[in-house]
Amino acid sequence: MIKKVNVNTIKKHKENNEKFSVLTAYDYSTAKYLDEAGIDIVLIGDSLAMVALGYETTHSVGVEEMKIFTRAVARGVQRAMVVTDMPFLSYHTDISSAVKNCGEMIKLGANAVKIEGFSDYILDVIKRLVETGIPVMGHLGFTPQFLNTLGGYKIQGKTQEAADEILKQAKELEKAGVFSIVLEMVPQESAKYITENLSVPTISCGAGKYCDAQVLVSDDVFGKFSDFKPKFARKYGDMKSLILNCAKQFDEDVKSGKFPSAEEIF
Ligand code: KIV
């Protein structure tokens, strides 16, 4: 029987100093392949706003869209932990709608949710979600849903003082009950300092090699998304060329009459 990754597995990785992997997926077959490849956490990131839906920022995606992608991904995964990124305004207005929206994702097959940012209100949301039985992944450093208040895509935690502030926030998230924390666009040395002073694992998104785990957007890893490429993303393939080549060959074959062949008809 396949042993599903859960909050205890993630906790043990930190205790045993073992790294784990996180990739985003937005559809059934990608999720299935990531699971088969041994990825530990499959994240339905709100990055799908740009990558899958063509919006400019993550602000444009809503709960109903995240539900569709959550359902599709959860169906493809057997072993990995499935985490749904809660979209802008889905947990910000009041605690009961936060619990309802996050709970819907669990009903659809997610095993946990991800919540961005830090405030007294966010801490209360996290506590209530955990009390309800919904594991929460935190997200500090650069938080894309706060793009407008942060004033752009800016590295966070550059000075000792700023790193101390992120650590303080992370410790509060830890106390509220998160099982892990994404650190996005934080200098490597600051992320190392934060990671060494926490008991929950940190997940680097452009925060260097000392975090307990690494996350990337799978379309960057596959070389599929080409509108922009973050400095920290590594391209392991060239899916854009593969798609272009396949589509061009199909187009040629259709127009020259080479498709379908005798084997491809009834
Ligand atoms: O939306 C997303 O894909 C994310 C990760 C890259 C951390 O938040």
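Just so you know, ligand 1 is whichever comes first in the structure, and atom 1 is the first atom listed for that ligand.
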Nearest-neighbour protein heavy atom for atom 2 (C) of ligand 1, which is reported as residue plus atom name and distance: S47 OG, 3.3 Å
Is there a donor in the side chain of T70 and an acceptor in the side chain of T84, or the other way round, less than 3.5 Å apart? yes
Measure the shortest side-chain to side-chain distance between V125 and H92 over non-hydrogen atoms and say whether it is less than 4.5 angstrom. no
Consider ligand 1: state whether an atom of it lies below 4.0 angstrom from any non-hydrogen atom of E116. no
Considering non-hydrogen atoms of the protein only, which is the closest contact for atom 5 (C) of ligand 1, and what is the distance? L43 CD2, 3.6 Å
Salt bridge check, R234 against D220: does any charged N sit closer than 4.0 Å to a carboxylate O? no
Do Y26 and T24 have side-chain atoms, one donor and one acceptor, less than 3.5 Å apart? yes
Taking distance alone, with N or O pairs closer than 3.5 Å, would you say D85 contacts ligand 1? yes
What part of T58, side chain from CB on, backbone N/CA/C/O, both or neither, has a heavy atom under 4.0 Å from ligand 1? neither
Quick check on contacts: which atoms of ligand 1 are under 4.0 angstrom from a heavy atom of G45? 1 (O), 2 (C), 3 (O)
Pair K107 + E104, salt bridge at N-O below 4.0 Å: no
Please report which non-hydrogen protein atom sits nearest to atom 8 (O) of ligand 1, along with the residue it belongs to and the distance in Å to one decimal place. K114 NZ, 3.1 Å
Will you find, in the side chains of H59 and Q145, an N or O donor that is under 3.5 Å from an N or O acceptor? no
Can you tell whether the side chains of K171 and E174 come within less than 4.0 Å, N to carboxylate O? no
Side chain, backbone, both or neither: which applies to T24 and ligand 1 if a contact is any heavy-atom pair less than 4.0 Å apart? side chain
Pick one of side chain, backbone, both or neither for how H139 approaches ligand 1, counting any non-hydrogen atom pair under 4.0 Å. side chain
